[in-house]
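Some notes on the structure that comes next.
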Amino acid sequence: MCGIIGYVGKRQALPVLLQGLHAQEYRGYDSAGIATLEEDQIRLIRCQGKIACLEEKINNDMGSSDIGIGHTRWATHGCPSEANSHPHTDCSGDIAVVHNGIIENYLELRQWLMDEGHVFSSQTDTEVLPHLLEHYYRGDMQEAFVKAMSKLRGSYAVVALCRQQPRTLVAARQDNPLVSGIGDGEYFWA
Ligand code: GLU
């Protein structure tokens, strides 16, 4: 179990994401992380430990991004560590993903992606997702997402962010809960 949050709108994303993570910290507290889009780059902040540790790292530098995703983890695959904390990214660092659940066929997907030249930096089942998205991405994140999700077995709630599509979050669920919220010019996933 863990908690995920996604936000795109007109507010500064980072404080919204932190608030969303605090509300879900009971779902997982061995590590936490956030990805936002800052000046056309994905800014990734991750920490082993509680959200307070993440806040220390952020050090009040809330940035100006109005889109992002966050995660508070309860590890199932890979020990609690910064490298295993979500969000996980692809080789280029252009795609970031948070995930709740278990990808049952991650070992075979991981092997196939490694054979394709992808380099993994964690022990999690989750990391196959950003690499799968990178494999299928041809300029349309939604299309890549549908193809990537069709390869998965298991239970999941997933939210992903892509540098090349700065106003878009994509999300999916299978057997795990995922809710969307629609505000005035803003959208949430949790
Ligand atoms: N399986 C993922 C991991 O270990 C997600 C954890 C969870 O949903 O509890 O990082």
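Order of appearance sets the numbers: ligands from 1, and atoms from 1 within every ligand.
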Hey, what do you get for [atom1] ([X]) to [atom2] ([Y]), rounding to the nearest 0.5 Å?
{"X": "F188", "Y": "L169", "atom1": "CZ", "atom2": "CG", "result": "11.0 Å"}
{"X": "R138", "Y": "D140", "atom1": "CZ", "atom2": "CG", "result": "12.0 Å"}
{"X": "E38", "Y": "D61", "atom1": "CD", "atom2": "CG", "result": "7.5 Å"}

Q. How far is atom 5 (C) of ligand 1 from its nearest protein heavy atom, and which residue and atom is that?
A.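 Scanning the protein heavy atoms, the shortest distance from atom 5 (C) of ligand 1 goes to G101 O, 3.5 Å.
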
(Q) Looking only at protein heavy atoms, which one is nearest to atom 6 (C) of ligand 1, and what is the separation? (A)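 I find the closest protein heavy atom is W74 O, 3.4 Å.
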
Looking only at distances, can you tell me whether any N or O atom of [X], backbone or side chain, sits closer than 3.5 Å to an N or O atom of ligand 1?
{"X": "R73", "result": "yes"}
{"X": "H77", "result": "yes"}
{"X": "N84", "result": "no"}

Q: Take every heavy atom of H86, measure it against each atom of ligand 1, and state whether any distance is under 4.0 Å.
A: yes

**Q.** Aromatic contact, W112 with H118 (centres under 6.0 Å)
**A.**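 Aromatic pair excluded; centres sit 6.0 Å or further apart.
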
Q: Apply the test side chain to side chain donor-acceptor pair (under 3.5 Å) to residues Q24 and T72: give CA-CA distance (whole Å), side-chain angles for both, the deciding distance (0.1 Å), then the verdict.
A: CA-CA 7 Å; Q24 301 180 81; T72 178; over 6 Å; no

Q: Could you tell me whether a side-chain N or O of E186 sits under 3.5 Å from a main-chain N or O of Y7, the two making a donor and an acceptor?
A: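 Here the side-chain-to-backbone pair does not exist.
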
Q) For ligand 1, which atoms, with element, lie under 4.0 Å from some heavy atom of D125? A)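 Listed by number with element: 1 (N), 2 (C), 3 (C), 4 (O).
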
Q: Using a strict cut-off of 4.0 Å, indicate which atoms of ligand 1 neighbour a heavy atom of C2.
A: 7 (C), 8 (O), 9 (O)

(Q) One residue to check: T76. Relative to ligand 1, which of side chain, backbone, both or neither has a non-hydrogen atom less than 4.0 Å away? (A)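 Within the 4.0 Å criterion, T76 contacts ligand 1 through backbone and side-chain atoms alike.
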
(Q) With a 6.0 Å cut-off (strictly less than), is the heavy-atom count around CD of Q142, excluding the residue itself, greater than 12? (A) no

